[in-house]
Amino acid sequence: MGNTGDYYKLVFDRAGTGLLVADSKGIVLAANKTFCDRSGYGLEELVNKIKISSFIYKEDSQRVNKKFSELTKSKISDDSIHEFRFVKKNEETIDVAATFSFDPKTDSAIITILNISDKKKITQSLRRRDSILEAINYASNIFLRTKDWKDVMPDILKALGEASGVARIYCFENSVDEKTGEILMNERFEWAYNKKEGQINNPKMQKLSYKEAGVLRWEKSLGKGKTIYADIISVDEEEKKNMEMLGVRSSVIAPIFLNDRWWGFVGFDETREDREWTDAEIDTLGAAAGIIGSAIYKQESYEALTAYIAESALRLKEPVIIVRDNIKQIKNDLTENIISKESIMTRIDIQVKNMDQIIKNLRDLNIAIVEKRSEIPDAYRDFISR
Amino acid sequence: MIISDDNPGRAQISLILSPPEKLKENNIEIIKEITKESDHSAVIIITINQPAQYLRELYSIKGIDLEKVTFIDAITKYAMGKADDDIPQCIFLNNPADLTSLSIAVSETLKKMEGKKPCIFIDSVNAMLIYLPSTNITKFIHFVTNKLRIFNLSGIYLAAESGLDPVIMSQLLTFTDKVINMDGDEKSE
């Protein structure tokens, strides 16, 4: 092995962290291989030719340059870590953590640059996921307190939109084309970061078939309960055309199910930038759709129960009272003996028919209740539908 | 009292509420009064609960002029499978749930009675509920009301008090000019 200086050079060159030496004005005096690789610059392009401020993203430069100036002026070292966006030669930005140490003997600054892009993305993603979970918690509480889920959907979409940091959220309900049997999507609610980007007033967003929209794969996947991720680079031509028309870069589309019935979907669009969605975020957005589905299902069940109670009172209780009163009258007619036997027999037959109809009404009401309720066991379903 | 009007030129549509156990007696009282009215030369009874033959016997006993009474009987044929077609001034329908046939029967009967001023009497809204969902009943009442308004005819919808849900009741109130409670209370227009 060589002397100590050789070792120091070896450490400098082979360090996994980008290392720079700059003079007090910030002009690069030396850079290691990792820094060159990371920045995209060759050593000859850096040394004595470029200032470290050139690597700092515009919005972060004032803060970071100020700190660097303070250190060089006071000629002290600082242990603090400074995070900023680092601009590479090809103008791509990465997130970095830097330290600035000042060496009074050589009047130069030693700068370490650590790429924290992946860590930053994970942190941002976790923060977003936590925000979405908070929004879901908010939605659950609001849904529990409200009588009509539709009243609070604008607030809930806004909370989800702000938490997930997307540009637009929309909720579509399915309907069926009576002529063709095709499933159609109908926009019901929307929130947009920029209201001009909203599509809810676009008539094309009503009774739109999945095929016509170029998203036939959505129908297949969403109908099976799968959440869809779409980015403009990887989707097929038809879907790409749809995304371009709406200015969408990437989307997450989560199905809304009412128990096991596919009701529609909630979509999250990013229109402003390319965005990588983590699995955790996508799962959380799926959970948000689940909360919306639960709220709709809860209300549908409540309304069905209320309708059942009201209609059963009308079509069961009242008719039974009518039959009871009719039978009392028939008894009176028999006692008074002024009405012909034929008329009385007809009245008795009518009461039998009325009772048959009341039984049919009960069966129809039960069928109406059970047909949308898959949680009712088949044996019980058969029994009450008979 | 029931069908007379402060404004004799304008026909009235009334909702009459009766205690359930007095529906039959009140039916007789109303028909007696209508047939006595000089302005109302005839009555068309849409009956869903009691057979026309039975009502004819009752009216006859109570001295009602049967010449002034026409029946649209929606129940006898359905319950018995047949009906006596010899009964005068009576149309029998096959099924009380068939509102199309009922509507046609109303239209045809009105046409036949051109020149007269018949009153249409429905007995009863509650009995219709045995055979029809509440939404269909309001559609039918709406149809009858429109006919009455067009021809400036009177109408009476008989119902058991407290036997109708608030939604049906509020819809009936929008169709009618006044509500008469056969216990004595009269609410107007």
Side-chain angles (χ1 to χ4, degrees), chain A residues 147 302-369 371, chain B residues 18-25 27-28 47-62 73-84 87 92 95-97 123-138 159-169:
Chain A
K147 276 186 180 172
Y302 175 78
E303 284 170 357
L305 185 65
T306 310
Y308 178 83
I309 292 166
E311 201 67 12
S312 62
L314 276 173
R315 303 203 66 202
L316 301 174
K317 186 181 144 215
E318 283 307 315
V320 167
I321 291 169
I322 290 170
V323 172
R324 182 200 65 191
D325 292 342
N326 285 344
I327 290 169
K328 278 184 187 172
Q329 286 171 13
I330 292 167
K331 188 184 167 195
N332 286 342
D333 289 340
L334 284 167
T335 312
E336 288 169 9
N337 199 23
I338 50 169
I339 301 291
S340 69
K341 188 185 164 192
E342 192 189 358
S343 284
I344 288 174
M345 292 301 284
T346 306
R347 290 206 76 194
I348 291 170
D349 282 335
I350 289 172
Q351 304 326 305
V352 173
K353 211 68 179 173
N354 283 345
M355 289 311 296
D356 285 346
Q357 184 64 39
I358 291 165
I359 293 163
K360 185 179 178 296
N361 291 348
L362 176 61
R363 193 172 60 237
D364 289 348
L365 285 166
N366 284 343
I367 289 169
I369 280 285
E371 69 181 1
Chain B
S18 161
E21 68 281 5
K22 290 191 175 171
L23 276 169
K24 187 178 94 177
E25 286 82 353
N27 172 318
I28 296 165
T47 177
I48 295 105
N49 190 31
Q50 308 184 87
Q53 177 58 35
Y54 171 75
L55 288 174
R56 279 183 66 85
E57 284 183 40
L58 269 183
Y59 294 164
S60 176
I61 292 162
K62 299 292 177 183
D73 180 336
I75 192 68
T76 301
K77 212 168 183 177
Y78 179 70
M80 305 294 291
K82 60 184 169 72
D84 182 357
I87 296 174
F92 291 101
N95 190 331
D123 178 13
S124 63
V125 178
N126 306 70
M128 292 182 91
L129 282 165
I130 301 176
Y131 294 95
L132 292 161
S134 50
T135 47
N136 290 3
I137 292 173
T138 47
E161 65 181 10
S162 71
L164 295 175
D165 84 324
V167 177
I168 294 191
M169 185 58 98

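All values reported here derive from a predicted model rather than from experimental measurement. All chains are named by letter (A, B, ...) in the order of the sequence lines, taking the proteins before the strands, and each is independently numbered beginning at 1. Worth knowing before you read on, the calculation uses all heavy atoms, side chains too, and leaves out hydrogens, waters and symmetry mates.
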Colleague: Side chains of Tyr131(B) and Asn354(A): do they bring a donor and an acceptor to under 3.5 Å?
Modeller: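 Distance-only check passes for Tyr131(B) and Asn354(A).
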Colleague: From Leu23(B) CG over to Gln329(A) CD, what is the distance, rounded to the nearest 0.5 angstrom?
Modeller: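 It is 7.5 Å, given to the nearest 0.5 Å.
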Colleague: Would you mind checking which part of Asn326(A) comes under 4.5 Å of any heavy atom in chain B, side chain (CB onward), backbone (N, CA, C, O), both or neither?
Modeller: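 Answer is side chain: those atoms of Asn326(A) sit under 4.5 Å from chain B.
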Colleague: Chain A heavy atoms under 4.5 Å from Leu55(B): which part of the residue, side chain, backbone, both or neither?
Modeller: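 Neither the backbone nor the side chain of Leu55(B) comes within 4.5 Å of chain A.
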Colleague: Taking all non-hydrogen atoms of both residues into account, name the closest pair between Asp349(A) and Met80(B) and its distance.
Modeller: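 Minimum heavy-atom contact is OD2-SD, 3.0 Å.
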Colleague: CD of Glu342(A): more than 12 outside heavy atoms within 6.0 angstrom?
Modeller: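 No, the 6.0 Å shell around CD holds no more than 12 heavy atoms from other groups.
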Colleague: Check Arg347(A) against Tyr54(B) and note the closest heavy-atom contact, atom names and distance.
Modeller: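 For Arg347(A) versus Tyr54(B), the nearest heavy atoms are NH1-OH, 3.0 Å.
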Colleague: For Ser340(A), does its backbone N or O pair with a side-chain atom of Glu57(B) as donor and acceptor, under 3.5 Å?
Modeller: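 Answer holds: yes.
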Colleague: What's the spacing between Ile321(A) CD1 and Asn126(B) CG if we round to 0.5 Å?
Modeller: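 The CD1 atom of Ile321(A) sits 9.0 Å away from the CG atom of Asn126(B).
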Colleague: Of the non-hydrogen atoms in Pro51(B) and Ile350(A), which two are nearest, and what is the gap between them?
Modeller: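 What the structure gives for the nearest pair is CD-CD1, 3.5 Å.
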Colleague: How far does CE of Met345(A) sit from CD of Gln53(B), to the nearest 0.5 angstrom?
Modeller: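 Between Met345(A) CE and Gln53(B) CD, I get 14.5 Å after rounding to 0.5 Å.
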Colleague: Quick check on Lys77(B): does its NZ atom have over 12 non-hydrogen neighbours (other residues, nucleotides or ligands) under 6.0 Å away?
Modeller: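 Buried by this count: over 12 neighbours within 6.0 Å.
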Colleague: Chain B heavy atoms under 4.5 Å from Asn361(A): which part of the residue, side chain, backbone, both or neither?
Modeller: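 Contact with chain B is through the side chain of Asn361(A) alone.
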Colleague: Is Asp333(A) in contact with chain B via its backbone, its side chain, both, or neither, using a 4.5 Å heavy-atom distance?
Modeller: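 Just its side chain gets close to chain B.
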Colleague: Examine whether an atom of Ile339(A) lies under 4.5 Å from a heavy atom of chain B, and if so say whether it belongs to the side chain, the backbone or both; otherwise answer neither.
Modeller: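 When you check distances to chain B, atoms from both the backbone and side chain of Ile339(A) fall under 4.5 Å.
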Colleague: Which atoms of Ile61(B) come close to chain A, meaning under 4.5 Å heavy atom to heavy atom: side chain ones, backbone ones, both, or neither?
Modeller: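 Contact with chain A: side chain only.
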Colleague: What part of Pro166(B) lies closer than 4.5 angstrom to a heavy atom of chain A: side chain, backbone, both or neither?
Modeller: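 Contact with chain A: none, neither part.
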Colleague: Looking at Ile130(B) and Arg315(A), what are the two nearest heavy atoms and their distance?
Modeller: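 Looks like O-NH2, 3.4 Å.
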Colleague: By a 4.5 Å heavy-atom criterion (distance strictly below it), what part of Asp84(B) contacts chain A: side chain, backbone, both, or neither?
Modeller: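 Neither part.
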Colleague: Between Ile338(A), Val320(A), Leu316(A), which shows the greatest number of heavy-atom pairs under 4.5 Å with chain B?
Modeller: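 Highest number of heavy-atom pairs under 4.5 Å: Ile338(A).
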